[in-house]
There are 2 protein chains.
Amino acid sequence: MSQKTTQKSAVRAENERMILKAAEAVFADHGFRGATTGMIAERAGIPKANLHYYFPTKEALYRRVVEHIFNIWLDAANSFDESDDPVEALTAYISKKMDISREHPMGSKVWANEILHRAPVIQDYLETTLRDWTASRASVIERWIAQGRIAPIDPNALLYMIWATTQHYADFNHQIDTLNGGRPLTGEQFAEAKKTVIQIVLAGIGAAPVSLARDASARASGDTEAAE
Amino acid sequence: MSQKTTQKSAVRAENERMILKAAEAVFADHGFRGATTGMIAERAGIPKANLHYYFPTKEALYRRVVEHIFNIWLDAANSFDESDDPVEALTAYISKKMDISREHPMGSKVWANEILHRAPVIQDYLETTLRDWTASRASVIERWIAQGRIAPIDPNALLYMIWATTQHYADFNHQIDTLNGGRPLTGEQFAEAKKTVIQIVLAGIGAAPVSLARDASARASGDTEAAE
DNA sequence: AATGATCTTGACCGTTTGGTCAAGTGTTCA
DNA sequence: TGAACACTTGACCAAACGGTCAAGATCATT
């Protein structure tokens, strides 16, 4: 009786993990209403009734998936605080968020779906954790502005821009792939995109020098000689 | 017999308009699977059977809604070509896309939902119209780079950044509102956000001066003083 | 070996959904 | 006036869905 309450049996832990993994994929592809418990069970390789043994309702399962995603988001958020230097902090944050979009696109999609539909399940997170985090980082950005380290811009608009752009590579990856000839971005292409995003944001707020085309140097591999 | 084929009866035109308007709102709020024809009919103020008289299937109705949205998107896309000057062209384009997000958030949400779920209905648009438009504008951007008018950046990444950021104000408006104390952005707040987005993008690609807090003047080229 | 707890599963059920249908009501025009 | 046509609508149906259940299989503990 002691072990069971503290440590869910290994079978249970393993099955919950498999189900949650399958659920994330199915919810990402079809949304909450579009996903069926049958689809999730099939993807997890178990009968539907077994899924309902571990997760009584579809909503409980969905909530667990969203909570997991929110934790990943929070994890990335910490990289904002790695340094008090705007260039270092924003580079680390954008870089981490881009990595998550690449490695965890399904989680991002579930989150996007939830917000799109007015956050019926996770509104409380938005009003507590997310609101606090955002307000605190906005004030960091305002301090940078006051110190003259970056140009005066709307801090929230900057944060939204970073969120929107980085998450776009997960949420809209189907569109990006289609525009890339139907193939996913290669590692090099993704690295180039990440570099561009960081460069535009940093230069955009006056936190890094803008290198115009003419002066050579530049380690840039993408040589811009183009049309002749 | 002549008039009927060329001009749908006024009744039909008016009813289709009302249904499409209701459908856009319901699809935006609930997604394709989440929306029911019953909800749409109720919102349009007609019995469900009447809705099916005008639109035989839910999918046909959905497709009409998405087509309408795509046309709005294309309309905005034209503002990219208003000028060959990077500053003017991008300012017009971003401005127009922000306005659409403000005035047409539901359309944007339907589009986002469709891409999120791998574009089951409008994949053909992505592969034709959207692909052509994007390739052509990417080459305009590449020319600007070759002419040294903007910094060398990945053109697609720039376009994605603009799409992501501007559409974020529609697709994620619930999150933005929540972080704004539960209230929608005022006109002034939205104008400020728009200004910030334009400023960051233009400065980010070296197409506009970065004005640091202290020195007011100068579009100075060599302004790489940064941290002190 | 026995006992209780955990886990598995096919069959089942009430509800919701997209869509149909037939019986109507208006409307147009010869 | 009347007949062809467009529109309206309550009632209905088969399929799909989330969830239940009871009977069995497996496992841990003594």
Side-chain angles (χ1 to χ4, degrees), chain A residues 1-27 29-66 110 113 117 120-121, chain B residues 1-27 29-66 110 113 117 120-121:
Chain A
M1 191 198 293
S2 57
Q3 264 193 333
K4 293 165 204 159
T5 39
T6 53
Q7 173 199 343
K8 303 176 174 181
S9 86
V11 176
R12 180 171 204 102
E14 172 63 11
N15 281 343
E16 286 189 356
R17 205 187 51 78
M18 276 175 43
I19 293 170
L20 285 168
K21 186 178 162 193
E24 181 177 290
V26 174
F27 282 133
D29 270 5
H30 303 279
F32 178 73
R33 288 284 296 266
T36 71
T37 53
M39 292 165 68
I40 297 171
E42 191 188 17
R43 186 162 186 135
I46 58 172
K48 192 180 67 166
N50 200 7
L51 181 148
H52 276 99
Y53 172 76
Y54 288 105
F55 297 92
T57 68
K58 184 182 174 183
E59 229 183 276
L61 176 55
Y62 180 72
R63 193 170 175 95
R64 280 283 298 275
V65 169
V66 172
V110 174
N113 227 308
H117 301 343
V121 172
Chain B
M1 190 199 294
S2 56
Q3 265 191 332
K4 293 165 204 160
T5 39
T6 53
Q7 174 199 343
K8 304 177 174 182
S9 87
V11 176
R12 181 170 202 103
E14 173 63 11
N15 280 342
E16 287 189 356
R17 206 187 51 78
M18 277 174 42
I19 294 170
L20 285 169
K21 186 179 163 192
E24 182 178 288
V26 174
F27 282 132
D29 269 6
H30 303 279
F32 178 74
R33 287 284 296 266
T36 71
T37 54
M39 292 165 67
I40 297 171
E42 192 187 17
R43 185 161 187 135
I46 58 172
K48 192 180 67 165
N50 200 6
L51 181 147
H52 276 99
Y53 172 74
Y54 288 105
F55 297 92
T57 69
K58 184 182 174 183
E59 230 183 274
L61 175 55
Y62 180 72
R63 192 169 175 95
R64 280 284 300 274
V65 169
V66 173
V110 174
N113 227 307
H117 301 343
V121 172

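Numbers restart at 1 for each chain; the letters A, B, ... are given by sequence-line order, proteins then strands.
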Below 4.0 angstrom from OP1 or OP2 of C:dT6, is there any side-chain N or O of A:Asn15? no
d(B:Glu16 CD, B:Leu51 CG) to nearest 0.5 Å is 10.5 Å
What distance separates B:Glu24 CD from B:Leu61 CG, expressed to the nearest 0.5 Å? 11.0 Å
Rounded distance (nearest 0.5 Å) linking atom NE2 of B:His117 with atom CZ of B:Phe32: 10.5 Å
Measure all distances between protein nitrogen or oxygen atoms and nitrogen or oxygen atoms of nucleotides 23-27 of chain D, and list the pairs falling under 3.5 Å.
none

For residues 53-60 of chain B, which residues have at least one heavy atom under 4.0 Å from DNA chain D? B:Tyr53, B:Tyr54
Any side-chain N or O of A:Arg12 less than 4.0 Å from the OP1 or OP2 oxygen of C:dC7? yes
If the condition is side chain to side chain donor-acceptor pair (under 3.5 Å), which residues does A:Arg17 pass it with, not counting sequence neighbours? A:Glu14
Every protein N/O within reach of nucleotides 21-24 of chain C N/O, cut-off under 3.5 Å:
none

Whole-Å distance separating the CZ atom of A:Phe32 from the C1' atom of D:dC17: 12 Å
Can you measure from CG (B:Asp29) to CG (B:Asn113) and round to the nearest 0.5 angstrom? 10.5 Å
Over all atoms of both residues, closest heavy-atom pair of B:Ala23 and B:Val65: CB-CG2, 3.8 Å
Taking atom CZ of A:Arg33 and atom NE2 of B:His30, what is their separation to the nearest 0.5 Å? 8.0 Å
How long is the line joining NE2 of B:His30 and P of C:dT17, in whole Å? 11 Å
At how many degrees, to 10°, do the end axes of the helix from C:dA1-D:dT30 to C:dA30-D:dT1 meet when each uses five pairs? 10°
Near-strand residues of residues 33-47 of chain A, defined as heavy-atom separation under 4.0 angstrom from DNA chain C: A:Arg33, A:Pro47
Taking atom P of D:dG10 as reference, at what distance in whole Å does atom NE2 of B:His52 sit? 16 Å
To the nearest Å, how far apart are A:Glu14 CD and C:dC7 P? 13 Å
Side-chain heavy-atom pair B:Thr37, B:Phe55 within 4.5 angstrom cut-off: no
Results of salt bridge (charged side-chain N to carboxylate O under 4.0 Å, His left out) for B:Arg63 - residues two or more places apart only: B:Glu67, B:Asp124
Pairs flagged by side chain to side chain donor-acceptor pair (under 3.5 Å) wherever residues 43-62 of chain A is involved - sequence neighbours left out: A:Asn15-A:Tyr54, A:Tyr62-A:Glu114
Check whether any side-chain heavy atom of B:Val66 sits under 4.5 Å from a side-chain heavy atom of B:Phe27, and report yes or no. no
